[in-house]
Amino acid sequence: MRILRIPAGLAVGGLLLVTAPVHAETPPPDAPVIARDDHLFKTFGGHDGLVRITDDLFVFVLADRRINGFFEAKKIPHIKDMLVEQFCQILNGGCTYTGKDMATSHAKLGIHEGDFNALVEDLQKAMDKNHVPFAAQNRLLAALAPQHRAIVYKPNGSEEE
Amino acid sequence: MKSLITGAWLAAVMLLTPALAQAQSVPATGGKLLLTGGVSQVEGAAGGGLTPWAVIGGNDSEGQFGGNAYYTEISTTDYKITSRGVLFSVDNRVELTASRQSFDTQAVGAALGLGYGYTINQTTLGAKVRLTGDAVLDQDRWLPQISAGVQYKSNDKAGLVTALGARSGKGTDLYVSATKLFLAQGLLLNATVRRTKANQYGILGFGGIDDRYHTEFEASAAYLLSKRLAVGAEVRTKPDNLAVAHEGAAYDAFVAYAVCKHLSLTVAYVDLGNIVTRRQGGLYASLQAGF
């Protein structure tokens with residue numbers, strides 16, 4: 001076991017060294033393309049599939065008392081269009097996201113981390129309903145998760161902890 | 001040591017006050033995603049079955065509070081080990097735990113002249129603070145979630161364990177955990193480094209051949225089969241510091257299932273290594289209820 005001990009300390013230290021510069025980089029775009037081809041996009045049912053998922057998402061969101069107050073009824077069709085565009089771009093479905101960046105579109109809404117996670121849960125339900133395999137869901141969610149830094153409100157105005 | 005524990009509780013209360021004030025406009029609990037608070041490890045901290053993880057145990061996200069209670073039973077070749085406890089957490093930042101471990105020697109107790117079913121109990125008070133990173137949301141970064149924790153342990157059979165060669169019936173473990181969820185791959189990895197004097201988690205006291213802190217290594221890997229179901233394995237090295245009995249590393253292979261946000265069940269096969277008599281393999285079952 002002695003052999004294990006020294007590398008353990010080095011591994012943790014090494015991890016910190018490797019990851020430290022990442023903080024200095026500019027934030028990634030809101031819709032990074034994560035797939036090499038359109039296979040993943042097809043797993044979501046293509047463009048029509050994303051429209052169905054987004055429609056179902058808003059059925060769940062509007063029934064979700066934790067977060068339905070954030071959405072104005074007249075803006076929902078536009079939000080749905082923008083989500084479809086964004087998901088389509090991420091999944092390499094040949095779309096270009098034309099909406100505002102995440103920080104601008106969520107400024108002053110006062111969204112908490114719990115609200116962000118509530119939307120993730122509703123999106124998981126919508127993807128489940130549309131039979132998107134768990135592993136494919138996680139690839140989309142992994143691309144969306146970093147948006148928390150732009151979307152979640154920081155009371156002291158700092159973006160980083 | 002007592003002052004450190006008191007200080008940790010005090011710090012948590014101070015953190016709690018602004019968190020609750022902020023929480024007035026949002027639900028005060030329940031903002032964490034399913035299973036992302038881990039389950040209850042054997043000494044009560046959030047983690048896998050054997051090792052603490054850097055995650056914070058309640059269902060709280062920023063500005064919220066959470067808590068849970070658990071009961072764990074491990075039946076090995078010769079012993080029955082139970083652990084139960086409670087956890088309180090705030091702001092997805094701090095968790096405080098109180099737990100009790102019981103080690104029923106069953107027939108071995110009779111063989112050693114202690115009596116059948118002679119049981120050693122240990123009380124553990126724990127605190128863990130998240131220092132940096134978000135294991136779940138920071139999917140574009142390599143930086144894991146890193147937390148530091150302390151576990152103060154008090155064994156109720158100090159006379160027996162010191163007679164076996166331990167230096168004390170009380171001890172404090174210090175640990176740092178790094179946990180990262182690789183969501184696109186469905187893989188969670190954890191590494192924990194622990195400084196400890198404990199023999200068999202503290203069940204056989206603290207210190208022995210030497211009275212120094214030993215650096216031990218713990219690791220977990222879990223694979224998500226669905227948002228409710230994870231399978232994984234763990235290893236935990238331990239000091240081998242009692243002259244009377246060899247102590248080795250412990251291993252487990254587990255399945256954790258979240259029935260809902262408030263209830264999870266973990267079953268595992270454990271190999272706890274040699275405990276006094278021989279290698280202790282067996283079944284581990286744990287139920288956790290929380291908010």
Side-chain angles (χ1 to χ4, degrees), chain A residues 1-9 11-13 15-16 18-23 25 27-29 32 34 40 65-67 69 110-118 120-121 124-125 127-128 133-149 151-155 160-161, chain B residues 18 22-23 25-34 36 59-64 91-93 130-134 136-144 146 176-178 180-186 191-193 214-219 224-227 229 235 237-240 248-249 261:
Chain A
M1 278 311 135
R2 179 147 295 280
I3 303 166
L4 270 176
R5 287 174 193 164
I6 297 160
V12 173
L15 208 53
L16 291 174
V18 168
T19 53
V22 176
H23 275 281
E25 288 173 12
I34 58 166
L40 185 62
R65 281 189 293 179
R66 297 173 296 180
I67 54 172
I111 294 169
H112 286 73
E113 194 181 274
D115 305 325
F116 184 87
N117 287 342
V120 172
E121 288 174 4
Q124 286 177 315
K125 278 160 75 176
M127 292 189 291
D128 282 344
F134 180 64
Q137 292 186 19
N138 286 342
R139 289 186 66 188
L140 176 62
L141 293 175
L144 297 172
Q147 293 181 358
H148 80 101
R149 285 192 290 271
I151 290 174
V152 174
Y153 169 71
K154 298 283 180 224
E160 295 301 323
E161 302 185 328
Chain B
Q22 194 187 86
S25 58
V26 294
T29 62
K32 202 170 274 172
L33 294 166
L34 210 58
T36 59
N59 278 334
D60 47 305
S61 59
E62 273 177 22
Q64 301 183 332
D91 204 27
N92 193 24
R93 175 65 64 186
R130 177 166 68 94
L131 301 175
T132 188
D134 187 311
V136 179
L137 294 180
D138 285 349
Q139 288 297 317
D140 55 341
R141 294 176 176 174
W142 284 97
L143 182 76
I146 299 174
V176 175
S177 290
K180 186 78 192 170
L181 173 65
F182 297 92
L183 182 57
Q185 291 76 29
T192 297
V193 176
H214 293 237
T215 303
E216 302 297 335
F217 178 65
E218 305 171 17
L224 303 175
L225 292 170
S226 80
K227 61 187 174 187
L229 189 64
V235 59
T237 71
K238 296 180 281 139
D240 184 9
K261 260 195 170 181

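Letters A, B, ... mirror the listed sequences (proteins, then strands); counts begin at 1.
Heavy-atom distances place both the backbone and the side chain of B:K227 under 4.5 Å from chain A. Contact annotation for B:N92: only side-chain heavy atoms (C-beta onward) come within less than 4.5 Å of a heavy atom of chain A. Contact annotation for A:Q124: both backbone and side-chain heavy atoms come within less than 4.5 Å of a heavy atom of chain B. Heavy-atom distances place no part of B:K180 under 4.5 Å from chain A, backbone and side chain included.
Taking each heavy atom of B:G30 and A:R66 in turn, the nearest pair found is O-NH1, 4.3 Å. Closest of all the heavy-atom pairs between B:Q139 and A:A142 is CB-O, 3.2 Å. B:A184 and A:R139 make their closest contact through O-CG, 3.8 Å (heavy atoms, listed as atom of the first residue, atom of the second, distance). A:F134 approaches B:L225 most closely through the heavy-atom pair CD2-O, 3.5 Å.
At a threshold of 4.5 Å between non-hydrogen side-chain atoms, the residues A:R149 and B:D138 count as touching.
Put simply, NE2 on A:H148 and CD on B:E62 are 8.5 Å apart, with the number rounded to the nearest 0.5 Å. In this structure, the separation between CG on A:L140 and CG on B:L183 is 9.5 Å, given to the nearest 0.5 Å.
Most heavy-atom pairs under 4.5 Å with chain B, from the set A:N117, A:L144, A:L141: that is A:N117.
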